[in-house]
Amino acid sequence: MSPLSLDLSPDLFPALTEAQADPDGPGAHRPALRFGDRSLTYGELAATASPLAARVAEAGRIAVWATPTLETAVAVVAALLAGVPAVPLNPKSGESELGHIVSDSAPTLVLAAQGTQLPSALAALERLDIDIDTSAPATSLPSPGTSDPETPALIVYTSGTTGPPKGAVIPRRAIATTLDALADAWQWTGDDVLVHGLPLFHVHGLILGILGPLRRGGSVRHLGRFETAGVARELSEGATMLFGVPTMYHRIAETLPDDPALAKALARARLLVSGSAALPVHDHERIAQATGRRVIERYGMTETLMNTSVRADGEPRAGTVGVPLPGVELRLTEEDGTTAVEAYDGETVGEIQVRGPNLFTEYLNRPEATAAAFTEDGWFRTGDMAVRDPDGYVRIVGRKATDLIKSGGYKIGAGEIENALLEHPGVREAAVTGEPDADLGERIVAWIVPADPQSPPTVDELADHVARRLAPHKRPRVVHHLDALPRNDMGKIMKRALTHD
Ligand code: MCA
Ligand code: AMP
C-alpha cells in the first residue's frame, strides 16, 4: 500500500466551506465552475448550492436531470452538501431505460434546470427546479459532521452483459480517496483549470471532471459539448488540463494537421488525460508528433473509480495505463479468479482485480450481483485482462466478456440491446456484437433474423427504436440480415461465427 494518507473528513469541498465561512475573503472570489458564458465563483457556488442543499436535506434520494449545464453541477454539489444520495440521469435516456432507473432507485425528487421539459417516465416524481440565484442570501452549509464517509453519495447506472443497467452505489469515501489519489499522481492543485466536454451522468465527466476541480479548490470550464475548437480556445486562455475519452483524442488527432492553433494550445497544457477506453497508440503518436505533448492514460471503472494512472512525474508510455494509484491494491489472477499471477514480464495475462477505499459499496437492490463481483477476500473482479511490465506499468489487453462493448467511451451491454431489438415487430431473432471503429473504438453491430425477410427493418428504423427505448449511444450503427443465427448444439448463439464474410 502506498503511504498516501486517507482523508476521511466528511467535508468533500474544503474550498467551498472556506468561501462560505469568509464570503469576502479571497477564496470566495476564486472561479469554480464555468459553462459557456455562465460561471460561478466559490462564494457564488456556496450561495446557490446551500439553499438547495437545505431543500433536499430531507429527501431520501434524489434524481438529477444531468444535462451538461451549470445546473447539474450545482444540484450534485447541493446533494453532497446535504448528504443525500443523487442519481444522475442521462437526459437522452429512452423510456424503458429511464423507467428502469427510476423504479430501481426510487428517488423522491427530481432536480432539473428551470424550464426543462421532463419525459413522462418522470411524471410521477415531485420536481424541484434548480434555480441559480447568487443574489440570495447564503444559508449556512449543512454541517459536514453529519455525513458518514460510508454514506452513499452517488448512484451511477452502468451496463452489464445482460439485463438492464445496475446502480453502482458510490460512497463519499470513494470519491474523496480517488480524487486525492489522482491529485497525488497528477500533481493536481487548486491552480489547475480543467477543460472538458464530457457528459455529466457518468464517473468520468461528473466525479473526475466536476467534483475533482472543486475538491482541489480549482476550476473547471465545461464546453457544453465536445468540440476541438472549444478545447483550443480554453487551453490557449489559461486552462491547464484536458480530460477526454479516446474518441475525443482521436478527433483531436484528426484535426491537428490542419489546425496549428489547436497544436499550439495542446502544447501549452500541463496535462492531457485520456480514459474510459484504450487510446490507440496511433492516436497517441499523432498527437505527440504534432504537439510535442504526450497524452497520459488512467484506468477506472464506475464500480472502482480510478485504479491506475501514468503519473505526471512518471514516464508516459503509450499503450499502458500506468501504475496503481496510492491506496489501490491491484493484482492479476489466473483463470480460476483467485490464484495471483506473480509475473511482471509484459507477457503473462491475468484478470485485473482491485481492492481499496476507492471501491463502490454495492449494486443497488442486487445482492447477488454484488456478491458475484467480489472474491471471498474482498477483491473486485474487473473483467479486464492485462499484463504488467517489469516496472509495474499495467497494459490492458482485452476483457473477459465479449458481450460488453465500449463505444465512444460508453460501456454498453449486448444483452440490453438484443432485448430492445426483440421488442421490434420486424425482428424475430437478434444478436449484438462490437466491431473495431477508428472513431468510436468499437461500433455496435446488430445481426437480425427479420420477421418478414421480404421487408426487413432498416438500420435507421432499428437505430431509432433502440435510441428511443435505451439511449442514442446504444443504437446499432450497422445491421446485418440473416436467415438464421448460428447456434451450437445447446441452442446458444455462437457470436464468434458472426462475421461479415
Ligand atoms: C444520432 N443521434 C440520435 C440518433 N442518431 N439521436 C436519437 N436517435 C437516433 N437514431 C444524435 C445523438 O444523440 C447525438 O446528439 C448526435 O446524433 C451524434 O451522435 P453520436 O454519433 O452517437 O455521438 P457523438 O456526438 O459523435 O459522440 C461522441 C462522443 C460521445 C462525444 C465521444 O460518445 C461521448 O460523449 N462519450 C463520452 C462517454 C463517457 O463519458 N464515458 C464515461 C463512462 P447530440 O449531438 O445532440 O449529442 S466510463 C467511466 O466513467 C469510467 C469510470 C472511466 O474510466 O472513465
Ligand atoms: P465503465 O463501466 O463505463 O465505468 O467502464 C469501465 C471500463 O472501461 C473498464 O472496465 C475498462 O474496460 C475500460 N477502461 C477505462 N479506462 C480505460 C483505459 N485507460 N484503457 C482501457 N480501458 C479502459
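All figures in this text were calculated on a predicted structure; none of them were measured in a lab. Below, each value reflects all heavy atoms present in this structure, side chains not excepted, and no hydrogens, waters or symmetry copies. Remember, it's 1-based here, ligands and their atoms both numbered in the order they're listed.
The protein heavy-atom contact nearest to atom 23 (O) of ligand 1 is Arg477 NH2, 4.6 Å. Considering only non-hydrogen protein atoms, atom 31 (C) of ligand 1 sits nearest to Met248 CE, 4.1 Å. Of the protein's non-hydrogen atoms, His204 N, 3.0 Å is the one closest to atom 50 (O) of ligand 1. Residue, atom and distance of the protein heavy atom nearest to atom 42 (C) of ligand 1 are Ser276 OG, 3.5 Å. Protein heavy atom nearest atom 3 (C) of ligand 1, with residue, atom name and distance: Pro472 CB, 4.1 Å. Distance from atom 11 (C) of ligand 1 to its nearest protein heavy atom, with residue and atom name: Arg475 NH1, 4.6 Å. Counting only heavy atoms of the protein, atom 37 (C) of ligand 1 lies nearest to Gly408 O, 3.4 Å. The protein non-hydrogen atom at the shortest distance from atom 15 (O) of ligand 1 is Lys92 NZ, 3.1 Å.
Residue His465 places no heavy atom under 4.0 Å from ligand 1. Residue contact check for ligand 1: Arg225 places a non-hydrogen atom closer than 4.0 Å to it. Residue contacts with ligand 1 leave out Arg468, since none of its heavy atoms falls under 4.0 Å from the ligand. Not a single heavy atom of His204 lies less than 4.0 angstrom from ligand 2. Using a 4.0 angstrom heavy-atom cutoff, Tyr410 counts as in contact with ligand 1. The closest approach between Pro199 and ligand 1 falls below 4.0 Å for a heavy atom of the residue.
The backbone and the side chain of Thr302 each have at least one atom closer than 4.0 Å to an atom of ligand 2 (non-hydrogen atoms only). Only side-chain heavy atoms of Glu297 come within less than 4.0 Å of ligand 2; its backbone N, CA, C and O stay farther off. Residue contacts with ligand 2 for His202 are absent, since no atom lies close enough (heavy atoms, distance under 4.0 Å).
Closest to atom 14 (N) of ligand 2 by heavy atom, among Gly319, Ala401, Ser276, Gly383, is Ser276.
Taking only nitrogen or oxygen atoms, main chain and side chain alike, Gly409 reaches within less than 3.5 Å of ligand 1. Checked against a 3.5 angstrom limit, the closest N/O atoms of Asp464 and ligand 1 fall inside it. Polar contact check, Arg399 against ligand 2: no nitrogen or oxygen pair lies under 3.5 Å apart. For ligand 1, the polar-atom distance check against Thr247 finds no nitrogen or oxygen pair separated by under 3.5 Å. Checked against a 3.5 angstrom limit, the closest N/O atoms of His473 and ligand 1 fall outside it.
Remark: Leu70 CG to Ile130 CD1 distance equals 9.5 Å, nearest 0.5 Å. Rounded to the nearest 0.5 angstrom, Arg215 CZ and Leu179 CG are separated by 6.5 Å.
Counting the atoms of ligand 1 from 1 in the order shown, those under 4.0 Å from a heavy atom of Lys406 are 48 (S). For ligand 1, the atoms sitting less than 4.0 Å from at least one non-hydrogen atom of Gly300 are 54 (O), numbered in the order shown with element in parentheses.
The pair Glu150-Arg172 does not count as a salt bridge, with every side-chain nitrogen at least 4.0 angstrom from each carboxylate oxygen. Under the 4.0 Å criterion applied to side-chain N and carboxylate O atoms, Asp384 and Lys400 are not assigned as salt-bridge partners.
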